[in-house]
Amino acid sequence: MTAAQIGLPRRLVVGGGASADVGRVVRELGFARPLVVTDAFLVAQGTAARVVSALEEAGCVPAVFDGTVPDPTTESLVPGLEAVRAHAADCVIGLGGGSPLDTAKALAVLAVGGGSMRDYKAPTVTPGPALAVIAIPTTAGSGSEATQFSIITDSASDEKMLCPGPAFLPVAAVVDYELTLSMPARLTADTGVDALTHAIEAYVSRRANPFADGFALSAISTIAKNIRRVYADGHDRPARESMMLAATQAGIAFSNSSVALVHGMSRPIGAHFHVAHGLSNAMLLPAVMRFSVGAAVSRYADCARAFGIAGDTDAALAQSLVTAIEELCADLEVPTPREYGIERSRWDQLAPLMAEQALASGSPGNNPRVPDAAQIVSLYDEMYG
């Protein structure tokens, strides 16, 4: 067995109100001129201002870039890079969901490494150099605060590029569940299933390892107990706290093993149809599990036990997990692509290209059952609804 290469943030500050400590974290890491990379919503909501205030109270000189967009593109990075240079930033703070965090990571690498994001696309693995990134997630889903990846869409080709390597790993993460209390139910569900997908794929991946396994199973167990609670009541603070911790654990798990077929197929859906990443994962998860389960029965059975399912045999447990995930997505009202409003003709037209892009990402090669392009097209057909 090949030795696993483990990467983790140097500092993790976890708990309600943790975001108030960001100034101290930045100063203790030796930085003073952070650029806060966020979006217009978090500026309007006042969250960015509270982070800026905490930084200033610690003696930092912060600036804010609020031009991040959902599913960040190479074009959207241009003004961000200008902001990094105009402020002479010595570190970057990503504040938001997966898109601001991915943007912050990309800017940190481009600011020092130069070139274009295509230079950093998998299979290239970038060790550095980069500005330090401090991540403050505001959704319980992407786990990006603990991962060595950034996902950026090529504006010219609409390809979602997976950019991996230690250069993209935050040096610190501030994990404050109170920032998720205002998340609407739809976003809560989609990001929650995203985290669950991270954990399951990390555990069944061909690159799974004992270090990542423990984080994955813990995340699965926690999400199973809490995701319906936060969907029903967004102000359920204990459930919110549990989901936030689980999302970070799932991020650690897949960052140190890998994601697999769901993510490979999900990125092209986001690029071509502008479906949020967590939602496209949720759309895909049941169909991909049905396709994959027979190739890793014992691993899926372990996931079933963590999910809280009882059964006599691994085969029964694995199949029960597939059923349980189908029921969960139904309870969370996850739409099919058809229900989402995507035209069938356009879906069928792009399916072969999406299959090629999924395979090119490398993620399907980590799946327990490795598909070819025709099988991926069939899965796109099956999930359409």
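Numbers here are sequence positions counted from 1.
The shortest side-chain heavy-atom distance between C303 and V204 falls under the 4.5 Å cut-off. Between F307 and L196 there is a side-chain heavy-atom pair separated by less than 4.5 Å. The shortest distance between side-chain heavy atoms of I309 and L317 falls below 4.5 Å. Annotation: side chain of T38 is not in contact with side chain of T68 (no heavy-atom distance under 4.5 Å). Side-chain contact check for L29 versus C91: every heavy-atom pair is 4.5 Å or farther apart. Residues F273 and P337 have side chains not in contact (no heavy-atom distance under 4.5 Å, counting atoms from C-beta outward). Side-chain contact between C163 and T124: absent, with no pair of heavy atoms (C-beta onward) separated by less than 4.5 Å. A heavy-atom distance below 4.5 Å is found between the side chains of M283 and Y340.
Side-chain contact of R240 with T188: a donor-acceptor pair under 3.5 Å is present, judged by distance alone. Between R50 and T47, the side chains place a donor N or O and an acceptor N or O closer than 3.5 Å (distance only, hydrogens not considered). For the residue pair S266/N281, the side-chain donor-acceptor check at 3.5 Å is satisfied. Side-chain N/O atoms of T222 and S242 include no donor and acceptor closer than 3.5 Å. Checking N367 against S292 by side-chain atom types alone, a donor-acceptor pair falls below 3.5 Å. Side-chain atoms of T147 and S255 include no donor-acceptor pair closer than 3.5 Å.
V334 and I227 fall within a single hydrophobic cluster, where Ile, Leu, Val, Met, Phe, Trp and Tyr side chains are chained together by heavy-atom contacts under 4.5 Å. Under a hydrophobic clustering in which Ile, Leu, Val, Met, Phe, Trp and Tyr are joined whenever their side-chain heavy atoms come within less than 4.5 Å, directly or via other members, I252 and Y203 fall into different clusters. Following chains of ILVMFWY side-chain contacts shorter than 4.5 Å, one cannot reach L101 starting from V175, and the two form parts of different hydrophobic clusters. Under a hydrophobic clustering in which Ile, Leu, Val, Met, Phe, Trp and Tyr are joined whenever their side-chain heavy atoms come within less than 4.5 Å, directly or via other members, L350 and L261 fall into the same cluster. V36 is not connected to V109 by any chain of hydrophobic side-chain contacts under 4.5 Å among Ile, Leu, Val, Met, Phe, Trp and Tyr, and they are in different clusters.
Interatomic distance, CD of E145 versus CD1 of I134, reported as 14.0 Å (0.5 Å rounding). Distance check, rounded to the nearest 0.5 Å: CE of M243 to OG1 of T191 gives 6.5 Å. Interatomic distance, D39 CG to Q45 CD, rounded to the nearest 0.5 Å: 9.0 Å. Expressed to the nearest 0.5 Å, how far CG of L81 lies from CG of L77 amounts to 8.0 Å. The line from OG of S218 to CD1 of I223 is 9.5 Å long, rounded to the nearest 0.5 Å. Atom OG1 in T323 sits 9.0 Å away from atom CE in M289 (nearest 0.5 Å).
No donor-acceptor pair closer than 3.5 Å links the side chain of D102 to the backbone N or O of S150. The backbone N or O of G7 sits less than 3.5 Å from a side-chain atom of N256, completing a donor-acceptor pair. Panel note: side chain K105, backbone S144; a donor-acceptor pair is recorded below 3.5 Å. Side-chain atoms of R207 do not come within 3.5 Å of backbone N or O of A202 as any donor-acceptor pair. Remark: the backbone N or O of A212 is paired with a side-chain donor or acceptor of N209 at under 3.5 angstrom. Under a 3.5 Å cut-off, the side chain of E201 and the backbone N or O of A260 do form a donor-acceptor pair. The backbone N or O of L217 lies less than 3.5 Å from no partner atom in the side chain of S221, so there is not a single donor-acceptor pair. Q375 places a side-chain N or O within 3.5 Å of a backbone atom of D372 that can act as its donor or acceptor partner. T153 places no side-chain N or O within 3.5 Å of a backbone atom of D158 that could act as its donor or acceptor partner. Here the side chain of D90 pairs a donor or acceptor atom with the backbone of A32 at under 3.5 angstrom.
With respect to the salt-bridge test (charged N to carboxylate O, under 4.0 angstrom), the residues R267 and E159 do not qualify. Comment: D314 engages R305 in a salt bridge, judged by a side-chain N to carboxylate O separation of less than 4.0 angstrom.
In this structure, R338 is not positioned above the aromatic face of Y384 in the sense of NZ or CZ being under 6.0 Å from the six-membered ring centre and within 45° of the axis.
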**OP:** Determine, step by step, whether V259 and H198 satisfy the side chain to side chain contact (heavy atoms under 4.5 Å, CB included) criterion, reporting the C-alpha distance in whole Å, the side-chain angles of both residues, the deciding distance to 0.1 Å, and the verdict.
**Re:** CA-CA 6 Å; V259 288; H198 292 154; 4.2 Å; yes
**OP:** Could you walk me through whether R346 and H272 pass the side chain to side chain contact (heavy atoms under 4.5 Å, CB included) test, one step at a time?
**Re:** CA-CA 10 Å; R346 182 73 173 149; H272 295 290; 5.6 Å; no
**OP:** Check the pair I325 / L321 against side chain to side chain contact (heavy atoms under 4.5 Å, CB included), numbers first and verdict last.
**Re:** CA-CA 6 Å; I325 297 302; L321 178 66; 4.2 Å; yes
Subject >> Intermediate values then yes/no, side chain to side chain contact (heavy atoms under 4.5 Å, CB included), L379 and M383 >> reply: CA-CA 6 Å; L379 284 167; M383 69 171 287; over 6 Å; no
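With D236 as reference, R229 is the one residue of R228, K225, R229 to meet the salt bridge (charged side-chain N to carboxylate O under 4.0 Å, His left out) rule.
By the 30° and 60° cut-offs, the orientation of the rings of H277 relative to H263 is tilted.
Among all heavy-atom pairs drawn from A146 and T248, the shortest one is CB-O, 4.2 Å. Closest approach of P286 and C329 over heavy atoms only: CG-SG, 4.0 Å. The shortest non-hydrogen separation linking P368 to Y300 is CG-OH, 4.1 Å. Contact record, M244 with T180: SD-CG2, 3.6 Å, taken as the closest heavy-atom pair. For the pair G23 and C60, the tightest heavy-atom approach, listed with the atom from each and the gap, is O-SG, 4.3 Å. Scanning both residues, S280 and V275, for their nearest heavy atoms gives N-CG1, 3.8 Å.
Within a 6.0 Å radius of CZ in R11, other residues, nucleotides and ligands contribute more than 12 heavy atoms. E56 CD: more than 12 foreign heavy atoms inside a 6.0 Å radius.
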